[in-house]
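Input: a single structure, listed below in structure tokens.
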There are 2 protein chains.
Amino acid sequence: MPYTYKYPRPSVTVDVIIFGLKGKDLKVLLIQRSNDPFKDLWALPGGFVDPDEELEEAAHRELEEETGAKGIFVEQLYTFGKPGRDPRGHVISVAYFALINLADIKIKPASDAKDAQWLKLTELPKLAFDHKEILDKAIERLRGKVRYQPLGFELLPEKFAFSQLQQLYETVLGVEINKRNFRTKINKMKILKEEGQQTEVAHRPAVLYSFDKDKYEELMKSGFNFEI
Amino acid sequence: MPYTYKYPRPSVTVDVIIFGLKGKDLKVLLIQRSNDPFKDLWALPGGFVDPDEELEEAAHRELEEETGAKGIFVEQLYTFGKPGRDPRGHVISVAYFALINLADIKIKPASDAKDAQWLKLTELPKLAFDHKEILDKAIERLRGKVRYQPLGFELLPEKFAFSQLQQLYETVLGVEINKRNFRTKINKMKILKEEGQQTEVAHRPAVLYSFDKDKYEELMKSGFNFEI
DNA sequence: ACAAAAGTGTTGTTCCTACACCCATGA
DNA sequence: TCATGGGTGTAGGAACAACACTTTTGT
């Protein structure tokens, strides 16, 4: 059943950059293509936008297909539409990036993807289409935003130690941070809730914290500025 | 001559939010619609993306149609695709925002627009479609970015006085800024070139400056951070 | 001389940075 | 008691904020 229009239309797809933190490594979920074009190369999860589907909904749909996870943080990244970016025709792709907590959530292997894997950002293979460019933009956006908005907590488990939070920023920003000054800065913001202590560790147990979203939003109303 | 596809496709349009600074007022270029839907309401300039046209190129095309100006700063803002945002069907709009210098450039009245006008952001009429939402997002982006990237200069004439620069930030951010501290901060960045003086003003003539883009890019390479 | 806007000196406070040190736990 | 990572004290300097003051022009 064909669809006919008076003027030509491009196809519209959604691609999702899914970031996860594993120890000291930032990883991204990629899928090895089983068909041409770009057969065997790695690509971002994505697909066509359904008729009358919201774009963000499409992003959530792709995310859930690949990871089984719901309620994940996603944010629109950028829309790519350069002619020739897809050899099959004029394809416009709205890219979203997602931040997922690999510790708490079980990632199911996707049903329809032959080979989906978490790959380190520092050890990336060749990517299909313009997906390298898209991924680079996502990394740039993550680096830029993580300092001014409390995005980082999305990558951490519900309860985390100060050192984990610091490690996260060091990984994402690619810099070393002074422990003392980092704690002082975060503490002054008063956006963390104490959540008990670590147990069974071979050193002084760390106090665990969670991000206090209500308090953060309260502070935002009165001109507070998150900044690392 | 109809175009036929195997699966349904949304239409893709580009809308442009064109900001200009006039004295102490931030203005936006809007067009009064002459046809349904939303006849007589004001709307952002925009139109369909041509086959195999780059998105940013489409934005520049719309911008030039309405203002006659070339080489203007544009940046992709966000892509809007909520079902129902256009009563005529599934229309996905990629929004761009542009910053234009109203002092230097002659804005020609658009040929195809019945009524294009620069309207103050503080005195906006009802807008067509979801254009209010799009405009709000553009303002938010402008406010957020102007502090961390040297966007503001795009709104000023080539040569400007310190007080104009300060006025710009006061207008965009909606705050008062201390003259002394503002000067000190900007001067420390060393990103301005002296360009002579005002003449024929009934007070001490201000030194004129231009934004030194080369120097700025030089500084950026060595970890410099623009911040107001 | 006066109005008007340009431009400067200075001071108290807050924040940033760097470095050294102490603490609690399991092995 | 030792290794390991958690957590704190503090001091010097840079950046911020506030306010009063001087300078240069046209009328």
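Naming convention: chains lettered A, B, ... in sequence-line order (proteins, then strands); numbering from 1 in each chain. FYI, side chains are in, hydrogens and waters are out, and symmetry mates aren't considered; it's all heavy atoms of this structure.
E158(B) and S210(B) are not linked by any side-chain donor-acceptor pair at a separation below 3.5 angstrom, with hydrogens and angles left out of the test. With 3.5 Å as the limit, one finds a donor-acceptor pair spanning the side chains of Q167(A) and T171(A). Judged by distance alone, the side chains of E195(A) and Y209(A) never bring a donor and an acceptor atom under 3.5 Å apart.
Applying the 3.5 Å distance criterion, the base of dG9(D) shares a donor-acceptor pair with the side chain of R180(A). A donor-acceptor contact under 3.5 Å is formed by the side chain of N181(B) with the base of dA17(D).
Distance, Q167(A) CD to dG6(D) C1': 15 Å, rounded to whole Å. The distance between atom CG of N187(B) and atom C1' of dG7(C), rounded to the nearest whole Å, is 10 Å. To the nearest angstrom, C1' of dG6(D) lies 5 Å from CZ of R204(A). In this structure, I186(A) places its CD1 atom 15 Å from C1' of dC15(C), rounding to the nearest Å. Atom pair N178(B):CG and dT10(C):P shows a separation of 17 Å (rounding to whole Å applied). Put simply, CD on Q164(A) is 13 Å from C1' on dG5(D), counting in whole angstrom units. Note: CD (E176(A)) to P (dA18(C)) measures 11 Å, nearest angstrom. Atom CD of Q197(A) and atom C1' of dG6(D) are 10 Å apart (whole Å).
For H203(A), taking side-chain heavy atoms from C-beta onward, the closest of the listed nucleotides dA18(D), dT25(C), dA6(C) is dT25(C). The nucleotide whose nearest atom lies closest to any side-chain atom of P205(A) is, among dA6(C), dG6(D), dA24(C), dA24(C). Distances were taken from every side-chain heavy atom of K188(A) (C-beta onward) to each of dC15(C), dG7(C), dT8(D); the shortest belongs to dC15(C).
Comparing E200(B) and Q198(A) along DNA chain D, the residue whose closest nucleotide (by nearest heavy atom) sits nearer the 5' end is Q198(A).
Ring geometry, Y216(B) versus F211(B): the interplanar angle falls from 30° to 60°, so the pair is classed tilted.
If you check every strand for non-hydrogen atoms under 4.0 Å, K179(A) touches a base. Residue T184(B) is out of contact with every strand shown, counting any heavy-atom pair closer than 4.0 Å.
Within the structure, a side-chain polar atom (N or O) of S163(A) is placed less than 4.0 Å from OP1 or OP2 of dG6(D).
For F160(A), the ring-ring contact (aromatic ring centres under 6.0 Å, His included) partners are F153(A), not counting sequence neighbours.
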